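Only one structure is covered here, and it is reproduced in the block below.
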2 protein chains.
Amino acid sequence: MTTRKPGLRERTRQAVRSQLMEVAWDLFVQQGYDATTVDEIAAAAGMSQRSFFRYFATKEDVVLVKFEAVGELLASVLADRPASEDAWTALRHSFDVIVEATERDPRYGLALLRITDQSAALRAGRLEQQLHWQELLTPLVAERMNQPADPGPAALTAAALACLNVANIAWLVSDGTDSLRRLVDDAMAAVQPVRHDVAR
Amino acid sequence: MTTRKPGLRERTRQAVRSQLMEVAWDLFVQQGYDATTVDEIAAAAGMSQRSFFRYFATKEDVVLVKFEAVGELLASVLADRPASEDAWTALRHSFDVIVEATERDPRYGLALLRITDQSAALRAGRLEQQLHWQELLTPLVAERMNQPADPGPAALTAAALACLNVANIAWLVSDGTDSLRRLVDDAMAAVQPVRHDVAR
DNA sequence: ACAAAAATGTCAGCCACTGACACGTTGTGC
DNA sequence: GCACAACGTGTCAGTGGCTGACATTTTTGT
């Protein structure tokens with residue numbers, strides 16, 4: 001009884017969602033993304049296919065929602081970086097939340113990248129997610145630029161995310177052998193080498 | 001009769017393909033991408049749905065193949081740039097083939113961007129295409145870098161393509177009002193400002 | 001002219017996804 | 001307590017993209 005907090009109902013909904021995500025994750029790891037049907041996932045979670053689609057709009061979403069929170073996380077970290085940092089450096093540091101999470105549990109990150117690389121739809125979905133991150137980060141990047149003319153902040157943000165992406169893929173190719181931190185460093189350094197002239 | 005050249009058959013195949021592309025294009029422009037079924041396209045081209053899929057693997061492909069040739073075009077232009085140019089500048093100049101094509105026929109470019117923005121699948125597909133371009137350009141970029149350590153060339157290429165993409169989207173948002181050339185210039189300048197120190 | 005190869009249509013079927021409806025559960029106001 | 005509304009769920013039917021298999025009709029090489 002009692003709807004104590006704004007969301008007794010909402011909580012169960014979230015519980016079902018994460019249970020679906022878990023079940024789907026296991027199946028994807030075992031037999032691959034494409035080889036797993038929504039019917040299987042739903043059955044494994046004890047519900048009908050129709051109900052699955054009441055929790056996730058598409059099959060991809062069961063995986064892709066894992067990226068959703070990251071955008072806001074990146075944005076909040078970026079906003080908290082000291083104002084003295086230039087945009088590129090600040091972006092590099094905000095990416096550390098991803099790097100550190102990956103270092104904390106490399107196997108999870110590796111599995112996630114592996115799954116999202118299996119299907120064209122998922123690869124594409126990850127890129128779409130990054131577009132969303134870009135939208136979140138661009139205004140914050142603009143604040144750190146001298147003269148934020150229109151395409152500038154978005155370009156800088158997109159370039160940084162592209163570096164992150166390249167580093168991630170290189171890391172995936174190395175099977176997690178390489179240091180993701182180093183790869184991100186190198187990728188971003190290749191695009192914007194340390195500018196001593198600007199620094200002083 | 002007579003199989004004069006290595007590919008009379010191949011030519012008719014290409015003819016059918018481009019006819020399908022035209023028919024599909026018209027339908028997409030008229031009623032939108034999602035609202036157009038493959039059956040409609042096939043019928044309008046006078047063939048069965050099954051045959052459509054013998055020419056294009058997916059519905060998206062009817063649009064996306066338009067981007068395929070661009071990758072090789074970019075690569076060949078990039079390879080022909082003077083060896084004295086640094087990678088970023090050379091990339092900027094190779095993008096000019098796109099800029100100039102767009103200036104030559106802005107309406108086509110605009111329609112293409114509009115269509116590919118209608119559907120999530122197409123938006124994603126365009127990004128996937130860029131990944132392919134990236135693979136083609138990366139080795140050429142590596143040649144122009146001082147010390148092409150592993151993630152470097154890919155990162156630089158990806159960053160440049162990200163700039164191109166941002167410029168394209170900004171141009172689309174402006175309905176083709178802005179100068180695409182200027183947008184590309186600004187986007188790429190924002191990421192790698194002219195480095196006078198390196199130049200001399 | 002004839003046999004191999006290729007293009008096409010039809011049919012059946014899988015899978016992601018959606019709308020509609022009916023039923024049971026769960027809170028809400030009285 | 002109880003009726004009522006809201007919500008979650010299953011079932012069913014249907015659409016659209018896409019594929020394998022097979023039979024039929026062109027092409028094409030000799």
Side-chain angles (χ1 to χ4, degrees), chain A residues 1-21 23-24 27-28 31-65 115 118-125 128, chain B residues 1-21 23-24 27-28 31-65 115 118-125 128:
Chain A
M1 60 197 68
T2 73
T3 45
R4 48 190 61 182
K5 284 297 166 49
L8 181 156
R9 216 147 200 161
E10 191 60 25
R11 255 177 292 150
T12 68
R13 179 176 173 79
Q14 287 310 319
V16 176
R17 268 175 73 98
S18 41
Q19 198 225 333
L20 272 174
M21 287 170 66
V23 168
L27 288 172
F28 291 160
Q31 30 178 310
Y33 177 82
D34 287 321
T36 305
T37 70
V38 173
D39 283 290
E40 278 178 294
I41 303 171
M47 63 177 70
S48 70
Q49 191 221 44
R50 192 64 182 90
S51 278
F52 172 93
F53 284 113
R54 289 187 174 111
Y55 286 95
F56 293 99
T58 68
K59 179 183 168 187
E60 304 168 32
D61 274 16
V62 193
V63 178
L64 292 179
V65 283
I115 288 179
Q118 281 180 34
S119 131
L122 280 183
R123 254 189 320 262
E128 276 262 312
Chain B
M1 57 200 70
T2 75
T3 47
R4 47 191 64 179
K5 284 298 166 48
L8 183 156
R9 211 151 200 160
E10 191 60 23
R11 256 176 292 149
T12 67
R13 178 174 173 81
Q14 289 308 320
V16 175
R17 269 175 72 97
S18 41
Q19 198 225 332
L20 273 173
M21 287 170 65
V23 168
L27 287 172
F28 291 160
Q31 31 180 309
Y33 177 81
D34 287 321
T36 305
T37 71
V38 173
D39 283 292
E40 277 178 295
I41 302 171
M47 64 177 69
S48 70
Q49 189 220 47
R50 192 66 181 85
S51 279
F52 171 94
F53 283 112
R54 289 188 174 110
Y55 286 96
F56 293 98
T58 67
K59 178 183 170 189
E60 305 168 32
D61 275 16
V62 194
V63 178
L64 292 179
V65 284
I115 288 179
Q118 280 180 34
S119 130
L122 280 183
R123 252 191 320 262
E128 277 262 312

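Only this structure's heavy atoms are used, side chains among them; waters, hydrogens and symmetry mates stay out. As the structure is a prediction and not an experimental result, all values here were calculated from the model. Quick note on labels: first sequence line is chain A, next is B, and so on, each numbered from 1.
Residue B:Val38 has its side chain nearest to D:dG17 when only C:dC17, D:dA21, D:dG17 are considered. The side chain of A:Arg54 sits closest to D:dT11 out of D:dT11, C:dA16, C:dT8.
For the atom pair CD of A:Glu128 and CD of A:Glu60, the computed distance is 9.5 Å after rounding to the nearest 0.5 Å. Note that CD1 of B:Ile41 is 6.5 Å distant from CG of B:Leu27, once rounded to the nearest 0.5 Å. The line from CZ of B:Arg54 to CZ of B:Arg50 is 5.0 Å long, rounded to the nearest 0.5 Å. The distance from the OH atom of B:Tyr55 to the CG atom of B:Asp61 is 15.5 Å, given to the nearest 0.5 Å. Remark: A:Phe56 CZ to A:Met21 CE distance equals 5.5 Å, nearest 0.5 Å.
Rounded to whole angstrom, the span from the NZ atom of B:Lys59 across to the P atom of D:dT19 amounts to 15 Å. Per the geometry, CZ belonging to B:Phe56 stands 12 Å off P belonging to C:dT8, to the nearest Å. Residue A:Arg13 contributes atom CZ, which lies 10 Å from atom C1' of D:dG8 at whole-angstrom precision. Straight-line distance from the CD atom of A:Glu60 to the P atom of C:dA16: 11 Å, rounded to whole Å. Here the C1' atom of nucleotide D:dT9 and the CG atom of A:Leu20 are 13 Å apart, to the nearest Å. Atom P of nucleotide D:dG8 and atom CD of A:Gln14 are separated by 12 Å, given to the nearest angstrom. Put simply, CG on A:Asp34 is 13 Å from P on D:dC18, counting in whole angstrom units. As rounded to whole Å, 18 Å separates atom P of C:dC11 from atom CZ of B:Phe53.
At least one side-chain nitrogen or oxygen of A:Tyr55 sits closer than 4.0 Å to the OP1 or OP2 atom of D:dT9. Residue A:Thr37 has no polar side-chain atom (N or O) positioned under 4.0 Å from OP1 or OP2 of C:dC15.
A cation-pi contact, defined as under 6.0 Å to the ring centre and within 45° of the axis, links A:Lys59 to A:Tyr33.
Listed by chain and number, the residues in a side-chain contact (heavy atoms from CB on, under 4.5 Å) with A:Ser18 amount to none (sequence neighbours excluded).
The stretch residues 39-50 of chain A comes close to DNA chain C through A:Gln49, A:Arg50, each having a heavy atom under 4.0 Å from the strand.
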